[in-house]
Amino acid sequence: MKLDYIMYSLNHVKNRKMRSWLTVLSILIGITAIYALVSFGQGLQIYMSELATEMGTDKLMIQPKGAMAAGFDLDFYISKEEADFISKVNGIDEVIGMYAKAIEVEHKKQKKYVFGMSLPTQGKEKDLVYDMFTVSMDQGRELKSGDKLKVTLGYNYQFANKIFSKAINIGDKISINGVSVDVVGFFESLGSAPDDSQVYLTEEGMLLIFPETEDKFQYVFARTAPGEEPSEVAERAEEKLRKFKGQKEGQEDFIIQTFEQAIEVFGTIITVINAVLLLIAMISVVVASVNIMNTMYTAVLERTKEIGVMKAIGAKNIDIMFIFLFEAGLLGLIGGALGILLGYGIAKMGGSIAASAGYGLLQPVFPLWLTIGCLLFAFFVGAFSGLMPARQASKLKPVDALRYE
Amino acid sequence: MAMVNHKTVIKLENVWKIYKMGEVEVVALCGLSLEIKESEFIVIMGPSGSGKSTAVNMVGCLDIPTKGRILLEGQDISHMEESELAQIRGRKIGFIFQTFNLIPSLTALQNVMLPMVFQDIEKSEREKIASNLLRRVELGDRMRHRPNELSGGQQQRVAIARSLSNNPDIILADEPTGNLDTKTGKVVMDFLHSLQEKEKKTVIVVTHDPTLAKYADKVAYLHDGKIIKLTKR
């Protein structure tokens with residue numbers, strides 16, 4: 001192939017610095033956005049699949065339908081009777097219901113509203129919960145049965161200015177909706193700010209401080225029996241509970257899904273947002289393409305005489321075509337390369353912003369295919385934009401082109 | 001000078017060229033016939049508007065006639081496609097222009113190498129040939145210079161080197177001295193003359209300058225699209 005065109009094209013790109021840079025800039029913007037967005041999308045997918053495996057693929061989640069978030073509104077719940085019913089469904093090994101409630105926490109005259117959750121303290125139920133949330137204690141001890149007015153706290157409470165302006169230590173007293181309790185431990189970080197600011201009580205403690213939560217589980221988790229397909233068990237349980245509650249299909253007031261399914265819903269939303277942003281980035285690539293086309297038409301016009309000379313000394317139409325296609329592709333490629341660098345920087349910055357906002361696990365990833373794909377895409381957008389101008393150049397009659405001043 | 005048994009390189013047979021400018025037809029050549037023989041130095045002379053440029057285009061295979069035939073080494077090129085013509089030009093004809101027409105973004109060496117790029121000659125080979133040619137036109141120390149860093153005479157010498165890079169049999173020079181002072185013009189013409197003398201190349205010079213006639217074996221006078229006088233020396 002005529003790799004020598006590279007030399008010719010490079011010279012031209014260099015010689016028309018200002019115009020080349022402006023053209024490069026236009027494609028750079030689009031590629032920057034695409035690179036940063038896709039690297040985040042990839043990071044998110046990894047984050048979610050990690051989350052799913054961490055939770056375990058044999059678990060089911062039973063939630064009241066319609067609640068904004070568990071614990072906000074006690075009108076939505078799964079009753080103890082329903083939880084017991086589910087535990088008897090074929091294929092389900094054990095079920096644990098957990099209370100959750102929006103609570104007011106006070107420390108050194110400062111008040112915050114966070115979520116409180118009940119944790120089981122013994123037996124298979126405790127195993128189930130601790131199996132899902134694989135974190136262990138960062139400091140202090142776990143809750144044990146009989147701990148009525150003792151709490152464990154999320155990771156962030158140990159530090160000043162994260163939740164309260166003053167850090168909380170083991171043995172400190174805090175007040176929950178006016179009831180004074182002892183802090184006995186802190187969990188390790190779960191990776192997100194809302195999770196790391198939760199307050200954990202025993203079931204007894206929860207019912208003592210908030211008697212109104214009795215029998216109103218906000219979360220119900222189930223473990224499926226070994227050898228069972230969790231999604232099939234979820235369907236079966238849903239059907240049985242629906243009949244038990246006398247509800248019609250499609251009008252249930254609860255959802256039973258596997259963790260993978262639950263995360264998928266969240267993932268779909270993020271994917272849609274990501275796709276919309278990508279679409280906007282694509283529009284900017286289209287604008288860049290028009291810009292490259294314009295630059296190349298100008299270049300063809302400017303170098304009409306040169307084209308005539310090259311044809312006179314033996315350049316075939318296809319040679320001229322390649323020269324201009326390659327030059328357009330080169331503009332795209334340079335824009336792509338710079339866009340990748342900038343996109344990498346922006347994604348890294350986004351990652352550290354996410355980390356400082358408490359989502360340390362959500363980090364962009366930069367697979368090789370993304371980098372190579374972006375480079376090729378930029379090159380081909382450039383070359384494609386140069387197609388019509390290059391055709392025009394190649395079709396010039398040598399006699400007319402030579403006469404052009 | 002012995003002119004016996006030299007074969008014909010280019011033959012124009014009753015060549016017509018008619019341009020359409022909107023509704024108006026402009027006849028640039030009307031029945032031009034000319035025979036150019038191997039290792040001949042021919043000067044085609046004529047005032048502006050005589051059809052000189054059109055004749056150059058025909059001889060140089062840059063354009064095809066409306067009517068009539070053009071034979072290049074016996075091969076009829078009158079109906080060839082542009083890409084075929086490009087191949088022939090690249091291999092058989094070296095062009096020298098009045099305005100030098102070097103590619104401004106390329107160095108002298110790259111300019112001389114360019115015709116060989118279009119003939120798919122290997123890079124190392126190209127570089128060797130091009131630097132030898134530049135040394136021959138005494139520009140061995142200017143190889144990495146760009147055209148705008150060279151004088152008019154130097155640029156025309158680069159152009160001559162370029163015209164020779166594919167070792168063509170025919171050198172076609174369109175007003176080669178038009179943009180040069182008398183002294184530099186003489187250097188260029190002497191060089192073209194030596195190409196004919198030493199390398200037996202066919203040299204075709206198109207000009208309106210009568211002083212160049214002294215280099216020629218044959219002078220064709222063009223007027224109103226045909227040859228009105230042909231003198232041999």
Side-chain angles (χ1 to χ4, degrees), chain A residues 1-20 295-296 298-327 330-331 390-405, chain B residues 17 19 28 53-54 56-58 60-64 81-107 109-123 126-127 146-148 159 161-166 168 172 174:
Chain A
M1 240 301 281
K2 311 277 182 91
L3 283 177
D4 307 270
Y5 296 155
I6 300 173
M7 149 192 103
Y8 180 83
S9 301
L10 257 177
N11 274 331
H12 271 288
V13 170
K14 270 197 307 204
N15 285 355
R16 307 267 185 282
K17 274 204 186 84
M18 193 58 191
R19 195 198 302 156
S20 297
T295 301
M296 292 315 293
T298 314
V300 171
L301 206 64
E302 248 180 12
R303 305 218 294 266
T304 299
K305 187 153 193 183
E306 250 177 78
I307 294 165
V309 172
M310 287 195 283
K311 287 196 156 189
I313 63 175
K316 292 181 288 297
N317 290 1
I318 193 138
D319 295 321
I320 301 293
M321 178 106 180
F322 266 123
I323 285 174
F324 282 90
L325 270 187
F326 193 81
E327 192 167 322
L330 196 66
L331 287 172
R391 259 180 73 85
Q392 184 185 308
S394 77
K395 290 259 149 80
L396 283 172
K397 283 176 138 187
V399 181
D400 298 336
L402 269 173
R403 214 188 297 134
Y404 188 88
E405 286 300 333
Chain B
K17 186 70 190 180
Y19 293 105
S53 303
T54 313
V56 172
N57 295 340
M58 294 298 150
C61 303
L62 286 164
D63 205 352
I64 49 175
E81 293 290 321
E82 168 49 31
S83 282
E84 288 175 275
L85 290 177
Q87 275 289 350
I88 291 175
R89 287 195 297 268
R91 279 203 312 271
K92 300 198 168 164
I93 304 170
F95 284 89
I96 298 166
F97 303 93
Q98 176 175 4
T99 48
F100 324 131
N101 286 353
L102 299 174
I103 308 294
S105 60
L106 301 182
T107 63
L109 188 70
Q110 288 168 335
N111 263 292
V112 179
M113 279 159 61
L114 197 56
M116 293 186 272
V117 171
F118 298 129
Q119 298 300 323
D120 290 321
I121 290 168
E122 233 177 273
K123 188 164 196 243
R126 284 201 312 255
E127 235 165 45
R146 284 180 207 283
N148 61 6
R162 179 178 69 183
S163 75
L164 293 171
S165 64
N166 283 326
L172 177 57
D174 185 6

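What you see below is based on every heavy atom in this structure, not just the backbone, and it leaves out hydrogens, waters and symmetry mates. Just so you know, these numbers come straight off a predicted model, no measurement behind them.
For B/T99, the part lying near chain A is the side chain, with the backbone staying farther off; criterion is any non-hydrogen pair under 4.5 Å. Heavy-atom distances place the side chain of B/R162, and not its backbone, under 4.5 Å from chain A.
A/R19 CZ: more than 12 foreign heavy atoms inside a 6.0 Å radius. Within a 6.0 Å sphere centred on CD of A/E302, heavy atoms belonging to other residues, nucleotides or ligands number more than 12.
Annotation: residues 304-312 of chain A contacts chain B through A/K305, A/E306, A/V309, A/M310, A/K311, A/A312 [non-hydrogen atoms, separation under 4.5 Å].
For B/E82, the side-chain hydrogen bond (donor to acceptor under 3.5 Å, both in side chains) criterion is met by B/R89, not counting sequence neighbours. Every residue two or more places apart in sequence or in another chain that forms a ring pair (Phe, Tyr, Trp, His ring centres under 6.0 Å) with B/F95 is listed here: B/F97. In this structure B/S105 satisfies the side-chain hydrogen bond (donor to acceptor under 3.5 Å, both in side chains) test together with A/H12, sequence neighbours excluded.
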For this session: Please test A/L402 against B/N101 for side chain to side chain contact (heavy atoms under 4.5 Å, CB included), starting from the C-alpha separation and ending with a verdict.
Result: CA-CA 9 Å; A/L402 269 173; B/N101 286 353; 3.7 Å; yes
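Here the CG-CG distance, from A/D400 to B/N57, works out to 9.0 Å after rounding to the nearest 0.5 Å.
Closest approach of A/V399 and B/L62 over heavy atoms only: CG2-O, 3.2 Å.
Here B/A86 is the residue among B/G94, B/G60, B/C61, B/A86 with the most heavy-atom pairs under 4.5 Å with chain A.
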